Protein chains: 2
Amino acid sequence: MVPVQVRRMTRPTVNDIAREAGVSLATVDRVLNARPGVRPKTILAVHQAIDRLGYVRDLAAANLARSRSYRMVALLPDTDSQFVQTLATALTEAAALAAASRTELELLRYPPEDMHILAARLARLQPEDTAGVALMAPETPIVRDAVRALRGRGIPLVALGSDLPNTGRDHFVGIDSHAAGRTAGVLMGRFCRGLKGRVLLIADSMLLRDSIERRRGFDEVLQADFPDLDAMPTLETHGAPDVLHRIVGDRLAATPDVVGIYLLGSGHRALAALLRDRDLLGRFVVIGHELTPHSRSALRSGHLDAVIAQNPGHLARSALRVLRAKADRQPIDEGQEQLRIEVVIRENLPPEPADDCHIRAA
Amino acid sequence: MVPVQVRRMTRPTVNDIAREAGVSLATVDRVLNARPGVRPKTILAVHQAIDRLGYVRDLAAANLARSRSYRMVALLPDTDSQFVQTLATALTEAAALAAASRTELELLRYPPEDMHILAARLARLQPEDTAGVALMAPETPIVRDAVRALRGRGIPLVALGSDLPNTGRDHFVGIDSHAAGRTAGVLMGRFCRGLKGRVLLIADSMLLRDSIERRRGFDEVLQADFPDLDAMPTLETHGAPDVLHRIVGDRLAATPDVVGIYLLGSGHRALAALLRDRDLLGRFVVIGHELTPHSRSALRSGHLDAVIAQNPGHLARSALRVLRAKADRQPIDEGQEQLRIEVVIRENLPPEPADDCHIRAA
DNA sequence: TCATTTTTGAGGAACGTACCTCATAAATTG
DNA sequence: CAATTTATGAGGTACGTTCCTCAAAAATGA
């Protein structure tokens with residue numbers, strides 16, 4: 001029986017540091033909170049005492065004393081995409097839990113058709129009343145400028161779900177689209193083992209960075225490892241179920257040798273409806289993105305073979321944690337914030353999140 | 001622009017509840033902490049005030065006032081299994097983070113060959129100095145009794161990685177082995193599309209519940225959906241690389257129609273070595289469990305096709321969170337504690353965790 | 001050396017909750 | 001109705017930190 005880690009009876013406090021370093025409590029405080037007016041020599045002495053004692057600041061007490069309440073803002077597009085809806089729910093749930101640690105979240109939706117409205121909303125946010133912003137938006141020039149201005153004002157911002165690499169955002173909470181596309185490519189290739197034919201790709205819009213990167217990753221893998229499969233040009237549905245039904249239906253009718261379908265964006269329900277109408281269920285290997293009620297039911301019934309997903313609960317919690325850390329100017333735990341590219345098939349489908357999750361003061 | 005959630009200027013405190021309910025602070029305190037000596041009628045009035053104000057107890061302040069420090073104990077088998085090592089590291093890292101919120105972890109290893117030593121260690125733990133226990137152990141009668149006694153003393157216990165369903169453990173932190181086995185089965189079946197032959201199964205020991213359940217799930221799927229594949233009897237290696245090398249080597253030599261290998265437990269390195277020695281790399285579909293340095297490198301080099309994994313970081317953090325919640329008698333967030341059955345292929349292999357993760361007082 | 005600036009010390013109030021004591025008010029019992 | 005039990009109130013201290021003020025000491029410049 002090997003004790004790997006031993007325990008101190010009582011944790012050292014700021015007073016212990018003061019005594020150990022031979023300085024006053026006030027000086028320790030100045031050092032701990034990086035306040036000015038301390039000689040480098042003294043700073044060093046305090047840090048050495050901290051190291052010697054193994055002091056860890058009690059965050060609970062610190063935040064209590066600060067009596068700081070963190071008001072975060074989340075901005076999501078106001079689309080009826082199931083994924084965005086799920087994410088909104090996850091954010092609300094994460095916020096309910098974070099409420100116990102003085103973190104509040106205002107969840108806002110912006111009309112996706114006009115980025116000026118989003119930009120105007122971002123422009124109104126001030127550091128005094130906003131501790132951080134989580135934003136899900138495509139990286140248009142207008143958005144880019146608005147985000148840059150926001151960060152110029154000192155407000156931390158994390159990109160949610162879709163990255164904004166050229167805005168100087170503090171962090172990206174989400175998965176690498178290119179790797180996600182590669183993953184989809186490998187699954188498509190392997191599930192189609194022994195088959196030869198074409199693969200249909202369906203996206204909302206090929207103007208979205210995510211779709212472009214997924215497609216690129218998918219193509220790379222197919223070309224390199226699965227020469228029997230041929231990826232067709234992407235069909236764009238613009239989020240409209242009827243458009244999907246029509247153009248994908250036409251394409252399927254015109255292309256007899258389709259063996260697989262890769263749904264890059266939303267449209268699980270419309271695709272399932274189309275395949276059902278044409279009596280084509282189970283004829284293709286179908287791979288899609290994101291776990292939603294529709295993709296879940298398609299997985300369960302076997303009409304969808306795999307889903308590449310990011311966990312909305314993790315997204316939401318990670319976004320809040322990162323914003324909180326940024327607000328506290330604390331380092332973030334990279335390992336914990338690393339979102340996984342989840343591969344979901346029928347057999348590892350996580351149980352439907354229960355809605356009867358009541359959280360109240362004990 | 002729709003504000004989905006609005007914000008109160010200042011959060012209500014216990015004093016606000018007292019005023020709102022028309023009682024004293026002392027009474028509110030009695031109700032909040034379930035102390036005796038309050039009439040049901042008064043309790044109700046306080047609860048109504050709480051609901052009306054939307055009060056959420058400030059956990060930071062509460063724990064500070066309690067000046068409670070949570071001493072958790074984690075018990076892992078002292079094997080040189082890579083997964084256990086990774087988990088130990090993850091636990092230590094999670095503990096470093098949790099230290100900021102008054103949670104300490106003592107990580108102990110017990111000799112896996114004699115459960116009596118583990119049982120004796122558990123018997124020594126007292127509620128006064130132990131806020132909770134995370135235990136990774138097979139469910140033998142000795143362990144079962146020791147865990148029951150521990151819980152009888154009022155110490156919360158979570159099963160880590162491998163469940164202890166008949167001990168009354170408070171929670172299981174890990175993935176469903178049966179579903180994991182089914183997932184492996186589906187991947188094996190689909191990756192072997194068009195092939196006909198036998199699948200070799202390798203386990204450490206078929207006395208371990210996890211291996212039994214994985215095998216059962218795997219068999220179910222193969223029988224139901226992939227009749228061309230035939231799962232052979234499990235080979236047991238007892239964790240010894242040389243045993244694996246010998247018996248798997250013999251079996252492969254004696255069985256020409258093997259198309260797939262399912263590694264139920266540890267042994268990634270030994271299997272890779274064997275296949276390399278016999279020049280058999282890439283000849284079979286190989287599926288295994290857990291992400292370790294060896295399985296990572298096998299995935300990268302293409303000798304391993306997929307890994308079914310549970311995230312050790314999540315395991316560790318979840319265990320600490322659950323124990324903390326149990327110690328506080330707080331409800332746990334099922335959604336957050338739901339471990340995913342991860343499917344890892346080369347393309348969605350998460351980046352190697354960096355070792356230079358320094359956490360210190362800011 | 002003296003004047004000036006910089007650095008340090010001592011002390012206290014506050015954050016929101018827990019938990020203690022003692023006194024008093026209210027309800028219950030005989 | 002008095003005697004007793006039970007419920008409630010008032011007030012305090014403590015937790016570990018932040019952040020403030022004011023005074024004193026030390027270092028720096030001329």
Side-chain angles (χ1 to χ4, degrees), chain A residues 8-46 49-50 53-70 99-103 327-330 361-362, chain B residues 8-46 49-50 53-70 99-103 327-330 361-362:
Chain A
R8 204 171 286 97
M9 273 336 269
T10 49
R11 286 176 39 164
T13 72
V14 277
N15 288 294
D16 298 323
I17 302 178
R19 201 175 328 107
E20 175 79 16
V23 299
S24 74
L25 182 59
T27 301
V28 173
D29 178 62
R30 290 181 186 112
V31 173
L32 278 176
N33 296 291
R35 275 185 261 275
V38 186
R39 276 180 306 171
K41 194 176 131 190
T42 314
I43 295 183
L44 189 68
V46 171
I50 288 175
L53 296 178
Y55 168 80
V56 182
R57 180 210 237 104
D58 185 331
L59 271 185
N63 289 324
L64 175 60
R66 269 191 263 261
S67 89
R68 195 184 272 174
S69 109
Y70 304 78
S101 35
R102 337 189 107 252
T103 303
D328 284 340
R329 294 171 202 286
Q330 282 243 316
Chain B
R8 204 171 286 98
M9 275 335 268
T10 51
R11 285 176 40 164
T13 73
V14 277
N15 288 294
D16 298 322
I17 301 177
R19 202 178 324 109
E20 176 78 16
V23 298
S24 74
L25 184 58
T27 300
V28 173
D29 179 60
R30 290 182 186 112
V31 173
L32 278 177
N33 296 291
R35 273 184 264 275
V38 186
R39 277 181 303 170
K41 196 175 127 188
T42 315
I43 294 183
L44 189 69
V46 171
I50 288 175
L53 295 177
Y55 169 80
V56 181
R57 181 211 235 101
D58 186 329
L59 271 185
N63 289 325
L64 176 61
R66 270 192 261 261
S67 88
R68 195 185 272 175
S69 107
Y70 305 79
S101 35
R102 334 191 107 252
T103 303
D328 283 340
R329 293 169 203 286
Q330 282 244 318

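Source: prediction; values computed, not measured.
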B/S/- along nucleotides 7-18 of chain D (protein heavy atoms under 4.0 Å) is SBBB----BBBS
Between atom OG1 of Thr13(A) and atom OH of Tyr55(A), what is the distance when rounded to the nearest 0.5 Å? 7.5 Å
Measure the CG-CZ distance between Asn63(A) and Arg57(A) for me, rounded to the nearest 0.5 Å. 9.0 Å
Less than 3.5 Å apart, which donor and acceptor atoms pair up between the side chains of residues 18-29 of chain A and the rest of the protein, not counting sequence neighbours?
unit_1, atom_1, unit_2, atom_2, d
Arg19(A), NH2, Asp16(A), OD1, 3.0
Glu20(A), OE2, Arg52(A), NH1, 2.3
Ser24(A), OG, Ala26(A), N, 3.4
Ser24(A), OG, Thr27(A), N, 3.3
Ser24(A), OG, Thr27(A), OG1, 3.3
Asp29(A), OD1, Asn33(A), ND2, 2.8
Asp29(A), OD1, Arg35(A), NH2, 3.1
Asp29(A), OD2, Arg35(A), NE, 3.4
Asp29(A), OD2, Arg35(A), NH2, 2.6

What's the separation between atom CZ in Arg30(B) and atom CD1 in Ile43(B), rounded to the nearest 0.5 Å? 11.5 Å
List the steps and the verdict of side chain to side chain contact (heavy atoms under 4.5 Å, CB included) for Leu32(A) and Ile50(A). CA-CA 10 Å; Leu32(A) 278 176; Ile50(A) 288 175; 3.9 Å; yes
